[in-house]
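In what follows, every chain begins at residue 1, and chains take the letters A, B, ... in the order their sequences are listed.
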Amino acid sequence: MTSIPKNLSSLADYLAFRSQNAFLNLSELQQIHCQILTNDYFHSNSLVTNFLSSCFRSQKPRYALVFLQNLTSPDPSLWNSMIRVSLESGVCPDFLGFYSGMLRNDVLPSKTSFSLILRSCAISGEAQLGEAFHCQIMKMGFEYDMILQTGLLDFYAKVGDLKCAKRVFMGMPRRDVVANNAMISALSKHGYVEEARNLFDNMTERNSCSWNSMITCYCKLGDINSARLMFDCNPVKDVVSWNAIIDGYCKSKQLVAAQELFLLMGSARNSVTWNTMISAYVQCGEFGTAISMFQQMQSENVKPTEVTMVSLLSACAHLGALDMGEWIHGYIRTKRLKIDVVLGNALIDMYCKCGALEAAIDVFHGLSRKNIFCWNSIIVGLGMNGRGEEAIAAFIVMEKEGIKPDGVTFVGILSGCSHSGLLSAGQRYFSEMLGVYGLEPGVEHYGCMVDLLGRAGYLKEALELIRAMPMKPNSMVLGSLLRACQIHKDTKLGEQVTQQLLELDPCDGGNYVFLSNLYASLSRWDDVNTCRKLMIKRGVHKTPGCSSIEVNNIVHEFVAGDTSHPQFTQINAFLDEIAKELKGQGHVPNTANVLHDIEEEEKEGAIRYHSERIAVAFGLMSTPPGKTIRVVKNLRTCSDCHSAMKLISNAFKREIIVRDRKRFHHFRNGSCSCNDYW
DNA sequence: ATAGGGTTAG
């Protein structure tokens, strides 16, 4: 390491260089601190600002506070720099700490200090705190100038307090473009397009931001045509205008139009443009396209950001692509991207949905701040993976930390109880929702309860609950009941429910298959035929079962009956070998039996097994012994495959994790984490 | 001052 320069200008250069390329450790920060103090630092505000910013970039914001507390100057400008730096860095904007630090050190906050603090409150959504500061500003008797007023206006606009925003706006003696623009965005946030448009039309001066605000305003309302008109009329188009209209097309599901504009932009695209497109593809389920867009983005030297990572992680979560998810996590670390609540949540969700619970828990504990999303993701994830008790334990800790649960939290808790068979706990939490937490149960919570009761065999109670519901049952609720009928072999009720379900959701192929299987189990072949014909008549197709497995960073997909995999012959031979092995262990295959599986796949061509079995066979033959096999399936796994998997996990001494449509099965040593209860 | 991101039951 080179020694730290002594004179001010080379110290500044050194600092800029070091802090950009590496984390500064504490001793290096201390040495630089000493150098600054031995120099005439009062005349080098920019150097100090640079130093403070280095502290933040090196993730040692507390050292910045140490630095400031050693100053004796009553001048608030360095403190203001600190707040500004903290705002820019986005790491723990502890503006409240800085404010009290100023007071503790007898530094009188200036008007600028308050403006900055208001911005911090606006960005972090601290509505109450910001209002308190507003009162403080009035008490201190500051003269209201444009900057302060615009700050207040922006604060109220950002926290969504339209009334106060209007009051500040009206009270302004003069309104410049900035103020008008802030007001437009406040109005647009509440959907008042006409008022916003009025203001816009009456403005004497408009800049690109004014136009862009109107574009997003129309986009938010779904009026893409008016948005496009604004875009076309905008004489000062910039990247933001393009990005806004592209996002507008994406949000209204017109990806072709979005792609067209995207291509037109050429090299004018920035990272936001790419992120917009990538997230749009992820949201449409076109994960492959999203990933190749990411590669293209890199080849065009546009820096991926935290937002890019969030979208990609979401794609991994859907695909169950753990290897790629881990690669992204590594990328985040090497590029030192900031793991904030949103990115943290995306990581937690990805690991949970890939069945890597320990990794999810590690990320969760590593977050310095956790919001309701993070808690919900870990609670839902634990429940989904059959760890209901731990989900409840997490819920209890969450409460202790003062985070208020919401509807999603209860979906996680209740479904977790259901997956783990915790009947009484589930019932208790359901009743506490309204009684203790003041949350009105929604149809999704009733759905969870029907599932919980039904699985435990309380079919009558489940039916009563559906009758007593304040809303109409949807297909999820009836589907839960149906599943319970199937498990507990109540064919009579099952038939009734299926009929209802068919009326409610005539396009869901799974329902027809269930009904057909139900009739078959009663040997009512005429009804089986009628049902099949009805399916054909209505043009309903059953989603084919599809399982994927990631081997050496390549996702292999298997569909029953599809022989296109290059190693088809070897896989098929290996499947026979497995079947022999299973037979030796006393497993009686029941694939010829159409009785009990809602979503049994067609047994076509040369492949006689469900897709998950093929994927597992491929995994066994192409990965080293002892490696965990992870398979993702789009439908629910059938009971025959389920019992086969248990035996395979034992015979081949492998942990097999199958994520089916609804939950995880962790097969190990001949048993499954779901306790055969799914 | 304007653009891009996350959790939900069968």
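OP1 or OP2 of dG10(B) has at least one side-chain nitrogen or oxygen of H419(A) nearer than 4.0 Å. The side chain of K303(A) places no N or O atom within less than 4.0 Å of a non-bridging phosphate oxygen (OP1 or OP2) of dG4(B). Look at K353(A) and you'll find a side-chain N or O under 4.0 angstrom from OP1 or OP2 of dT8(B). Contact between the side-chain N/O atoms of Q283(A) and the OP1/OP2 oxygens of dG6(B) is found at a separation under 4.0 Å. In this structure, K237(A) does not reach the dA3(B) phosphate: none of its side-chain N or O atoms is under 4.0 Å from OP1 or OP2.
Taking atom CZ on F155(A) and atom C1' on dA1(B), their separation rounds to 17 Å, with Å as the unit. As rounded to whole Å, 10 Å separates atom P of dA9(B) from atom NE2 of H445(A). Nucleotide dT2(B) holds its C1' atom 10 Å from the CD1 atom of I184(A), rounded to whole Å. Straight-line distance from the OH atom of Y281(A) to the P atom of dG4(B): 18 Å, rounded to whole Å. Rounded to an integer number of Å, the gap from K189(A) NZ to dT2(B) C1' is 12 Å. Atom P of nucleotide dA9(B) and atom CG of L452(A) are separated by 15 Å, given to the nearest angstrom. If you take CG of L148(A) and P of dA1(B), they are 13 Å apart, rounded to a whole angstrom. Distance, L382(A) CG to dT8(B) P: 13 Å, rounded to whole Å.
Residue V450(A) is out of contact with every strand shown, counting any heavy-atom pair closer than 4.0 Å. If you check every strand for non-hydrogen atoms under 4.0 Å, K370(A) touches nothing. At the heavy-atom level, V177(A) lies nowhere under 4.0 Å from the strands shown. If you check every strand for non-hydrogen atoms under 4.0 Å, T305(A) touches a base. Within the nucleic acid shown, L343(A) comes within 4.0 Å of at least one base atom, counting heavy atoms only. Residue N474(A) is in base contact, counting any heavy-atom pair closer than 4.0 Å across all strands shown.
When the shell of 6.0 Å around CG of L221(A) is examined, it contains more than 12 heavy atoms from other residues, nucleotides or ligands.
Judged purely by distance below 3.5 Å, without hydrogens or angles, the side chains of N270(A) and N243(A) pair a donor atom with an acceptor atom. For N376(A) and D406(A), the side-chain atoms include at least one donor-acceptor pair closer than 3.5 Å. A donor and an acceptor atom, one from each side chain of N371(A) and N345(A), are nowhere located under 3.5 Å apart. For the 3.5 Å distance criterion, the side chains of E399(A) and Y437(A) qualify, holding a donor opposite an acceptor.
Checking dA9(B), dT7(B), dA3(B) against the side-chain heavy atoms of V240(A) singles out dA3(B) as nearest. For V272(A), the listed nucleotide lying nearest its side chain is dA3(B); candidates were dA3(B), dG10(B), dG5(B).
Residue side chain N180(A) does not reach the base of dA1(B) through any donor-acceptor N/O pair under 3.5 Å, judged by distance alone. The base of dA3(B) lies close enough to the side chain of N270(A) for a donor and an acceptor atom to sit less than 3.5 Å apart.
A salt bridge does not link R175(A) with E205(A): every distance from a Lys NZ or Arg NE/NH1/NH2 to an Asp or Glu carboxylate oxygen is 4.0 Å or more.
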